[in-house]
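To start, the structure itself, in structure tokens.
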Amino acid sequence: MELAKEYNHKDVEDKIYKMWEEGHYFDSEISPKKENFVIVMPPPNVTGKLHIGHALNFTLQDIFIRFNRMFGKETLWLPGIDHAGIATQSVVERELLSKGIKKDDLGREKFLEEVWKWKEKYGNTIIEQSKKLGVSADWRRLRFTLDEKYANAVLEAFIRYYNEGLLYRGERIINWCPRCHTALSDIEVEYEEEKGKLYYIKYPLEESDDYIVVATTRPETMLGDTAVAVHPNDERYKNLIGKYVILPLVGRRIPIVADEAVDPQFGTGAVKVTPSHSPEDFEIAKRHNLGFLDVINDVARMINVPEPYLGLTTTEARERVVEDLKNQGYLVKVEDYVHSVGHCQRCHTVVEPLVSKQWFLSMKSLAEEAKEAVESQKVKITPEKWVKVYYDWLNNIRDWCVSRQLWWGHRIPAYYCEDCGEVIVSKEPVMKCPKCGSTRIKQDEDVLDTWFSSALWPFATLGWPENTPELNYYYPTTLLITGYDILFFWVARMIWSGMHFMKKEPFYTVMLHGLVRDEKGRKMSKSLKNIVDPLDLIEEYGADALRFTLASLTTVGGQDINLSKEKLKASRNFVNKIWNASRFVLMNLEGFNPNEIDEENLDLEFEDKWFLSRLNRHLKMEIEYLGNYDLGEAARKLYEFVWGEFCDWYIELSKVRLYGDDEKKKKTVQYILWKSLSTILKMLHPYMPFATEEIYSYVPFVDKPLIKSEFPKVNEAFIDDKIEKDADFVFGIIRGLRSLKAELGLPVATPLNAYFNSIDENEIKLIKEENEKILKLAHITSLKYVQKKPERVLKTVVQGTTVYMELPFDFDLQKEKDRFIKKLQEIDAELKSINSRLMNPVFLEKATPEVINKDKERQKELEKTKAVLLSHIEDLEV
RNA sequence: GGGCGGUUAGUUCAGAGGUAGAACGCUUCGUUGACACCGAAGAGGUCAGUGGUUCGAUUCCACUAUCGCCCA
């Protein structure tokens with residue numbers, strides 16, 4: 001078997017994925033005796049294409065899933081797709097329009113048929129794409145929020161809420177998107193600072209020559225004013241409260257009222273009140289029993305206004321109103337003003353506040369349930385900084401407008417009697433009014449907010465409201481992983497839904513991760529043209545490189561990630577490095593059979609003990625990081641360990657025995673290499689499943705694919721501080737010799753003799769014992785102990801040891817002296833701080849014994865090196 | 001206005017109450033029997049500023065500056 005010199009992901013990924021799928025390794029079965037690990041996938045939109053945010057989200061989930069599968073837990077990753085009301089409807093609408101077909105001509109039923117057709121055709125795109133990333137979800141259990149059973153769960157939830165009095169239908173001011181033509185919930189509105197104008201308008205007092213000036217950013221809404229409001233304590237206007245003004249342009253008589261909500265600092269301190277088109281004014285109007293007058297309709301045109309303005313768009317009306325006010329002497333002044341304007345999250349159109357009859361979910365008690373779940377730690381949110389944000393949102397929440405004027409979605413199961421006005425909420429179609437017997441019944445035309453249905457995700461996907469075995473075994477799920485941007489939209493709503501309907505938290509832990517941005521930290525957007533397609537990245541660098549990059553850029557704090565090609569390249573190189581290290585090991589396993597090895601009686605050498613110590617230390621660390629949800633640090637540490645220790649040192653050291661004559665020694669090192677490689681592949685597998693699985697298929701004497709193999713156990717007995725410290729010294733000698741050659745400008749491979757002397761017995765022993773390896777790695781011909789400095793040598797100091805290397809030509813020793821002096825200065829600086837600490841009685845009293853001991857040891861070591869350095873510098877003075 | 005986060009090597013970012021790290025880039029050397037998607041050796045840092053807590057702060061706290069995000 002001969003492996004290619006370079007890892008080529010294109011030859012591997014599809015093949016491996018197919019192998020996993022055919023082996024049913026992603027499938028989960030109910031196993032009551034086994035501890036489980038369950039993640040429900042945040043369902044991507046059915047219209048969605050895999051973007052980099054999904055790539056991050058899926059990667060993190062897959063890493064946890066794969067680890068836990070290897071830990072032997074019954075692991076379920078339940079995937080799904082969201083029907084995404086507005087988004088999907090507008091996609092299909094647009095597509096039909098391009099063929100000259102209008103939605104309204106088609107009618108509801110025909111249109112929905114078209115959407116379903118579209119869904120069948122394109123709805124699985126993102127699923128297929130996510131497979132390229134290595135997603136190991138149980139695809140048999142794929143759920144769609146409009147599946148028959150799921151839809152039933154949504155209706156069930158609606159009916160239960162209704163029967164409990166938590167859902168009600170009412171006329172409220174809502175956020176209306178004139179383009180999507182639907183109501184929006186509060187969080188679907190995005191506010192942006194915009195430059196506008198502040199208009200000061202005179203409102204003449206009734207039966208008086210006096211007037212009051214109000215300030216507004218939306219003069220056109222004055223046509224719908226039903227009052228003027230001032231703050232009750234505002235001295236300027238106290239005498240006007242209760243009086244009336246005559247509304248300019250309209251001539252309507254409206255009162256001046258006093259209300260705490262008015263900000264005396266804003267404008268003139270007097271504001272116009274337009275109850276039907278401003279949420280604040282709506283509240284004021286309710287408090288003062290003012291009239292409501294709709295002057296803007298659902299396509300943002302003027303209604304119920306005097307002739308000249310009737311039918312104008314709001315923009316046209318503004319121009320006309322301002323013009324007329326100016327001409328008639330009512331406009332006092334116009335100022336530049338920056339204010340925040342609400343936009344539709346979906347289409348970015350400016351949102352129009354309108355009074356409308358909608359269904360609302362009462363939030364007070366549900367928000368309490370959601371809060372309690374987190375306060376009591378039933379649900380743990382990580383990073384913790386989001387907990388406060390979560391509480392704040394729930395504390396200030398307003399009732400949730402859940403109806404949407406769309407066709408695509410879960411149709412509201414409410415029926416209205418056209419004769420007596422009775423409202424009937426029912427899962428089954430209603431034919432006859434139970435109150436008056438009329439058959440003139442109409443179902444509500446609207447559908448539910450998509451988030452209303454996805455709020456049920458953790459249990460509706462498992463069969464709720466039926467008490468299924470799945471629900472019993474898999475609920476509550478273990479971990480939810482999602483971006484912090486949908487903490488309110490989705491996470492909070494799932495928590496109260498779970499608490500409310502299941503009486504149990506939907507997941508024990510929520511891990512919120514950051515968002516992926518471009519290399520300059522900017523949001524990826526079409527207008528900036530900085531969107532990267534993960535599929536392109538996979539094509540170019542491989543799925544493993546993409547996954548590893550995303551994982552290693554993750555932090556416990558859930559910081560946003562700035563992705564760049566440089567980082568992908570580094571990860572791709574890492575994958576290749578692992579490929580080649582493995583290739584080396586596999587090429588050198590000839591004639592090896594682990595069954596011939598007595599594992600209990602291995603003749604371990606210095607570097608074996610060192611490496612096994614490091615390996616077990618890292619294994620332990622890895623598990624700890626994982627428990628802390630710190631995949632980023634785990635990935636970064638793995639990178640350093642595998643590249644910096646396994647490849648750079650252990651593999652190099654292993655060559656001594658592999659290429660030596662001692663068969664027994666060779667077998668031992670083969671065994672350690674074989675074992676270590678397997679362990680490393682397992683540690684890496686969740687991060688880079690494809691390459692590791694491919695490599696593992698070439699590893700001899702393993703019986704199952706990596707995905708199903710057991711994660712290695714930590715063997716504490718191998719962790720050994722002393723051996724690691726000794727290794728640092730030996731490696732230091734090798735580095736020292738290499739850098740002497742570099743100082744001479746010689747290739748590392750130049751064969752030269754070397755000598756050493758030391759004031760430390762342990763160091764002498766180590767050099768003697770590991771002589772062969774030092775020679776090999778430093779490319780030195782010999783390294784002999786000497787009492788005195790030999791002639792014509794260049795030297796370096798490592799701890800208490802001086803290493804001399806023969807000088808093949810004349811060399812200016814000033815460089816050596818400079819190097820020594822620089823090193824001495826560094827040591828002196830450090831010694832100074834350590835000494836002052838150790839002489840400080842308060843330090844000795846208060847610092848922990850470990851810290852003091854560490855300082856003392858470090859002090860000894862530094863003193864040792866210092867003494868040697870000083871003697872050499874003195875020599876050089878002569 | 002309220003809240004949150006960032007400010008560390010030329011660049012992008014980790015990190016941790018007790019010796020400041022990585023990647024990329026840069027300099028020098030190198031194709032030695034895994035790998036040039038590589039190896040070896042190096043240069044490069046008042047850890048934004050000011051106070052405080054502490055035996056000890058780049059790390060914890062407060063404030064300031066600055067950039068960014070969320071909410072009103």
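Throughout, a chain's letter reflects where its sequence line sits, starting with A, and its residues are numbered from 1. Predicted, not measured: the structure shown is a model, and the values here were computed from it.
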[N] and [M]: how far apart are their [atom1] atoms, nearest whole angstrom?
N     : M     : atom1 : value
B:A57 : B:G52 : C1'   : 11 Å
B:A34 : B:G15 : P     : 36 Å
B:G6  : B:A48 : P     : 12 Å

Taking [X] first and then [Y], would you say they form a salt bridge - that is, a charged N and a carboxylate O separated by under 4.0 Å?
X      : Y      : answer
A:E645 : A:R617 : no
A:R346 : A:E188 : no
A:R572 : A:E540 : no
A:E826 : A:K823 : no
A:K655 : A:E652 : yes
A:K637 : A:D630 : no

Side-chain N or O of [X] closer than 4.0 Å to phosphate OP1/OP2 of [N]:
X      : N     : value
A:K565 : B:C24 : no
A:Y698 : B:A34 : no
A:R738 : B:A41 : yes

Problem - Base of B:C37 paired with side chain of A:K569 (donor-acceptor, under 3.5 Å) - result: no

Problem - B:A34 base / A:E652 side chain donor-acceptor hit below 3.5 Å - result: yes

Spacing of [X] atom [atom1] relative to [N] atom [atom2], expressed in whole Å:
X      : N     : atom1 : atom2 : value
A:E633 : B:A22 : CD    : P     : 13 Å
A:D186 : B:A72 : CG    : P     : 8 Å
A:K823 : B:A41 : NZ    : P     : 14 Å
A:W643 : B:A36 : CH2   : P     : 11 Å
A:E192 : B:C70 : CD    : C1'   : 14 Å
A:Y639 : B:A14 : OH    : P     : 16 Å
A:D648 : B:G39 : CG    : P     : 6 Å

Practice task
Using the criterion of both pairing distances under 3.5 Å for Watson-Crick and G-U wobble pairs, give all stems of 3 or more consecutive pairs involving RNA chain B.
Solution key: B:1-7 with B:65-71, B:10-13 with B:21-24, B:26-30 with B:38-42, B:48-52 with B:60-64

Practice task
Return yes if a side-chain donor-acceptor contact under 3.5 Å exists between A:K666 and A:N588, otherwise no.
Solution key: no

Fill in the blank from the handout: By nearest-nucleotide position on RNA chain B, the 5'-leaning member of A:A742 and A:R837 is A:R837

